[in-house]
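Worth saying up front: this structure is predicted, and the values here are computed from it rather than measured. Convention: sequence-line order gives letters A, B, ...; per-chain numbering from 1. Keep in mind that the numbers below use all heavy atoms, side chains included, and drop hydrogens, waters and symmetry copies.
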Number of protein chains: 2
Amino acid sequence: MPTPSTRDLILDSAQSLAQTRGFNAFSYADIALELGVRKASIHYHFPSKQDLEAELLERYRSQFMAGLASLDSNGDSSVVVLQRYAHLYSSTLKNGRICLGGMMASDIGALPETLAPSLSSFFEEQVSWLVKVMNEGKENNELNFSGTVQSHASVFLAALQGGLLMANAMNDQALFERLAETLIAELQ
Amino acid sequence: MPTPSTRDLILDSAQSLAQTRGFNAFSYADIALELGVRKASIHYHFPSKQDLEAELLERYRSQFMAGLASLDSNGDSSVVVLQRYAHLYSSTLKNGRICLGGMMASDIGALPETLAPSLSSFFEEQVSWLVKVMNEGKENNELNFSGTVQSHASVFLAALQGGLLMANAMNDQALFERLAETLIAELQ
DNA sequence: GTCTATAGGTGGATAGAC
DNA sequence: GTCTATCCACCTATAGAC
């Protein structure tokens with residue numbers, strides 16, 4: 001594992017701050033303090049905060065999709081794959097974070113409009129992946145539900161996003177675990 | 001209808017800004033501009049922003065609960081009551097807003113800790129009300145599902161909150177409507 | 001690439017006249 | 001209750017030395 005570049009360290013710090021406080025509640029000064037560099041150095045890598053935010057979402061999206069690809073690479077059952085998916089969200093909760101996509105969605109009214117398309121794509125890719133997994137589950141008779149797969153995929157994602165918000169605000173990790181379990185049981 | 005007091009007008013403006021931009025993305029200057037008063041006047045009614053935020057949540061919570069009380073005052077079926085509940089959320093979406101509780105939950109990491117208990121209560125009251133409605137629906141054989149009522153109530157609320165986030169970010173009101181429909185159908 | 005220094009603006013908040 | 005005036009801290013961002 002090579003030493004992370006300053007650029008990556010900045011993104012890591014910014015992502016942590018964005019997931020815990022929100023996009024409009026952290027500053028270059030916060031990152032500078034955490035990394036022990038000057039604000040001007042951050043502006044060298046990301047001239048404007050909008051540049052930083054855009055890169056933040058893009059990196060998160062690509063890393064998240066790469067993670068999804070590895071979730072269903074084996075021949076595991078759809079139920080197990082969905083459990084692993086839910087665990088991706090659950091694990092962010094342990095650090096007092098919520099999904100970066102969900103956070104950005106809540107801040108969308110105060111962010112540059114140029115970020116909206118990327119954010120929409122993030123959600124659409126999640127739903128598409130869930131649709132694929134649920135379709136496979138139906139074909140294998142591991143999943144069984146009425147209504148369109150698309151609708152159930154949207155509900156699944158929305159419930160996890162909202163569940164993260166609630167569990168984090170109430171400081172109740174068990175709430176999220178029960179919620180995810182119920183969601184998956186409902187599809188069987 | 002008496003003329004609203006300045007205090008109420010301030011709360012109305014602040015609530016609109018908080019629901020669209022977030023708690024850390026509006027200022028006293030924004031409210032002052034909208035109402036045509038000076039910032040100092042707002043500080044007279046709400047000395048600190050924390051005071052304003054606390055009152056904002058408390059008013060929202062009490063108004064929301066009053067609204068819920070009128071939703072199931074008649075002998076309507078549980079399905080209809082749940083549809084009306086979902087419509088409460090749907091209607092905020094039309095103004096480009098999300099639920100104030102959901103917004104505050106996403107900002108909780110950048111808000112005073114004193115607000116957390118009130119926010120937890122907000123979610124707990126929503127879930128308790130949903131549990132009551134779902135229990136009645138089960139007794140009347142209008143609703144039919146496995147798993148605890150508590151879990152399904154949590155899922156229901158979480159999915160609506162997350163659905164608001166997604167539909168607002170993607171500017172797709174129909175997404176929310178389909179999502180709500182699927183959620184209710186799943187309980188029958 | 002990182003630094004010092006600084007500009008120009010906005011944040012929440014207060015004092016005191018009316 | 002609302003105003004003018006002001007304070008100080010913090011924000012994003014840039015210029016220019018090293």
Side-chain angles (χ1 to χ4, degrees), chain A residues 2-57 59 103-104 106-115, chain B residues 2-59 100 103-104 106-115:
Chain A
T3 305
S5 65
T6 299
R7 183 188 168 83
D8 287 336
L9 290 173
I10 292 169
L11 286 170
D12 292 341
S13 174
Q15 182 177 328
S16 172
L17 288 162
Q19 285 184 275
T20 51
R21 298 188 201 171
F23 282 80
N24 293 290
F26 77 90
S27 68
Y28 277 36
D30 294 321
I31 302 170
L33 182 69
E34 184 175 325
L35 299 187
V37 298
R38 302 290 105 186
K39 290 189 291 176
S41 303
I42 306 175
H43 278 285
Y44 168 82
H45 294 282
F46 304 97
S48 76
K49 201 179 175 185
Q50 181 175 348
D51 296 325
L52 174 58
E53 291 163 342
E55 181 97 5
L56 216 49
L57 178 60
R59 189 183 72 148
M103 182 63 91
M104 188 174 275
S106 75
D107 290 338
I108 195 70
L111 291 174
E113 293 182 7
T114 54
L115 296 177
Chain B
T3 305
S5 66
T6 299
R7 183 187 168 84
D8 287 335
L9 289 172
I10 292 169
L11 286 169
D12 292 341
S13 174
Q15 183 176 327
S16 172
L17 288 162
Q19 285 184 274
T20 51
R21 298 190 201 169
F23 282 81
N24 293 290
F26 77 89
S27 68
Y28 277 37
D30 294 321
I31 303 171
L33 183 67
E34 184 175 325
L35 299 186
V37 298
R38 304 290 104 186
K39 287 194 295 176
S41 304
I42 304 175
H43 278 286
Y44 169 79
H45 293 282
F46 304 97
S48 77
K49 200 179 178 187
Q50 181 176 347
D51 297 324
L52 174 58
E53 291 163 343
E55 180 97 6
L56 216 50
L57 179 60
E58 183 50 38
R59 190 182 72 148
L100 190 75
M103 182 62 91
M104 188 174 275
S106 76
D107 291 338
I108 195 70
L111 291 174
E113 293 182 6
T114 53
L115 295 177

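Applying the ring-ring contact (aromatic ring centres under 6.0 Å, His included) rule to B:Tyr28 yields the partners B:His43; only residues at least two apart in sequence or on another chain are considered. A:His45 pairs by the ring-ring contact (aromatic ring centres under 6.0 Å, His included) definition with nothing, not counting sequence neighbours. For B:Asp30, the side chain to side chain donor-acceptor pair (under 3.5 Å) partners are B:Arg21, B:Ser27, not counting sequence neighbours. Residues passing the salt bridge (charged side-chain N to carboxylate O under 4.0 Å, His left out) test with B:Glu55 are B:Arg7, sequence neighbours excluded. Shown here are the side chain to side chain donor-acceptor pair (under 3.5 Å) partners of A:Thr6, two or more places apart in sequence or in another chain: there are none. Applying the side chain to side chain contact (heavy atoms under 4.5 Å, CB included) test to B:Leu35 and every residue at least two apart in sequence or in another chain returns B:Leu9, B:Ile10, B:Ser13, B:Ile31, B:Val37. Judged as a side chain to side chain donor-acceptor pair (under 3.5 Å), and not counting sequence neighbours, A:Thr3 has no contacts. In terms of the side chain to side chain contact (heavy atoms under 4.5 Å, CB included) criterion, A:Ala40 has no residue partners (sequence neighbours excluded).
The nearest whole Å value for the distance from the CG atom in B:Leu33 to the P atom in C:dG11 is 11 Å. Taking atom CD1 of residue A:Ile42 and atom C1' of nucleotide D:dT14, one finds them 15 Å apart after rounding to whole Å. In this structure, NZ of A:Lys49 is placed 14 Å from C1' of C:dT10, rounded to the nearest angstrom. Rounding to whole angstrom units, CZ of residue B:Phe46 and P of C:dG12 are separated by 14 Å. For B:Tyr28 and C:dG11, the OH to C1' distance is 12 Å, given to the nearest whole Å.
Of all the residues in residues 52-59 of chain B, not one reaches under 4.0 Å from DNA chain C with any non-hydrogen atom. Shown for residues 9-27 of chain B: residues whose heavy atoms fall under 4.0 angstrom of DNA chain C, namely B:Phe26, B:Ser27.
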Could you list the donor-acceptor pairs under 3.5 angstrom formed between side-chain atoms of residues 106-113 of chain B and any protein atom two or more places apart in sequence or on another chain?
{"from": "B:Ser106", "atom 1": "OG", "to": "A:Ser106", "atom 2": "OG", "distance (Å)": "3.1"}
{"from": "B:Ser106", "atom 1": "OG", "to": "B:Met103", "atom 2": "O", "distance (Å)": "2.8"}
{"from": "B:Asp107", "atom 1": "OD2", "to": "B:Phe23", "atom 2": "N", "distance (Å)": "2.9"}

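Residue A:Lys49 comes nearest to A:Asn24 through the heavy atom pair NZ-CA, 4.4 Å, listed as atom of the first residue, atom of the second, then distance. The two atoms that bring A:Arg59 and A:Asp8 nearest to each other are NH1-O, 4.0 Å, heavy atoms only.
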Using atom names, set out every protein N or O paired with an N or O of nucleotides 1-3 of chain D below 3.5 Å, distance rounded to 0.1 Å.
{"from": "D:dT2", "atom 1": "OP1", "to": "B:Thr6", "atom 2": "OG1", "distance (Å)": "2.9"}
{"from": "D:dT2", "atom 1": "OP2", "to": "B:His45", "atom 2": "NE2", "distance (Å)": "2.7"}
{"from": "D:dC3", "atom 1": "OP2", "to": "B:Arg38", "atom 2": "N", "distance (Å)": "2.8"}
{"from": "D:dC3", "atom 1": "OP2", "to": "B:Ser41", "atom 2": "OG", "distance (Å)": "2.6"}

